[in-house]
Amino acid sequence: MAPGLLLMGPRIGAGLPPSDSRLHMKKTTKKTKKPAPAKTAVTSSKKTAAPAVKKAAPKAVVTTIAAQIDVGFGQALYLRGDGPGLSWEKGLLMTCVSDDKWSISIANATKLIACKFLLNDLVWCAGEDFIVIPGRSVSFVPAF
């Protein structure tokens, strides 16, 4: 034995026949899970169109025209003019909001509205045509 070499007990397998199972160490290997194969996207030869994007509907431009006048019991105020739903030949009945206020809303006007008020769709108000910018709320005081 070499000097300085100290053996701590008997050598493994010393004195045992080679066929003894104690001589053969069982080899163990740590089993690692293999990562799952990456899923491949199934591509078809059929081309799909992109989903349709809905365009936001443009907001309706509402123009409100009001008249501050007391036309008397049993009378009505009409509006004639040049604009969506208006004509110079036949007036639109305005809504009575209070004793001395009449109103009408006109949708989708894109250009200036020229209009005049009529009492019972027969008597024209005095003065020039009233001009209204689309999308505005205006109030006039017509004179008869």
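As the structure is a computational prediction, the values presented were derived from the model and not from experiment. If you read the sequence from its start, that first residue is 1, and numbering goes on from there.
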Peer 1: Is Tyr78 linked to Trp88 within one hydrophobic cluster, defined over Ile, Leu, Val, Met, Phe, Trp and Tyr using a side-chain heavy-atom separation of less than 4.5 Å?
Peer 2: yes
Peer 1: So, for Ile131 and Ala114, which heavy atoms are closest and what is the spacing to 0.1 Å?
Peer 2: CD1-CB, 3.8 Å
Peer 1: Assert yes or no for the condition that the ring centre distance of Phe130 to Phe117 is strictly below 6.0 Å.
Peer 2: yes
Peer 1: Report the distance from atom CE of Met94 to atom CG of Asp121, rounding to the nearest 0.5 Å.
Peer 2: 12.0 Å
Peer 1: State the CG-CD1 distance between Asp99 and Ile69, to the nearest 0.5 angstrom.
Peer 2: 13.5 Å
Peer 1: Can you list everything that forms a side-chain hydrogen bond (donor to acceptor under 3.5 Å, both in side chains) with Asp70? Sequence neighbours excluded, please.
Peer 2: none
Peer 1: Out of curiosity, Leu92 CG to Cys115 SG, how far, rounded to the nearest 0.5 Å?
Peer 2: 10.5 Å
Peer 1: Enter the distance from Cys125:SG to Leu119:CG here, rounded to the nearest 0.5 Å.
Peer 2: 10.5 Å
Peer 1: Any idea which heavy atoms bring Ala109 and Pro84 closest together, and the distance?
Peer 2: CA-CG, 3.5 Å
Peer 1: Can you check whether Gly127's main-chain N or O pairs, donor with acceptor, with Lys116's side chain at less than 3.5 Å?
Peer 2: yes
Peer 1: Nearest 0.5 Å, please: how far is CG in Leu77 from CG in Leu93?
Peer 2: 8.5 Å
Peer 1: Looking at Thr63 and Gly135, would you say the former's side chain and the latter's main chain have a donor-acceptor pair under 3.5 Å?
Peer 2: yes
Peer 1: Can you name the one residue among Val62, Thr64, Leu86 that meets side chain to side chain contact (heavy atoms under 4.5 Å, CB included) with Ile106?
Peer 2: Leu86
Peer 1: Test: side-chain hydrogen bond (donor to acceptor under 3.5 Å, both in side chains). Region: residues 122-142. Which pairs qualify, not counting sequence neighbours?
Peer 2: none
Peer 1: Under 4.5 Å between side-chain heavy atoms, hopping through other hydrophobics if needed: is there a path connecting Leu79 to Phe144?
Peer 2: yes
Peer 1: Check whether any side-chain heavy atom of Trp102 lies under 4.5 Å from a side-chain heavy atom of Ile65, and answer yes or no.
Peer 2: no
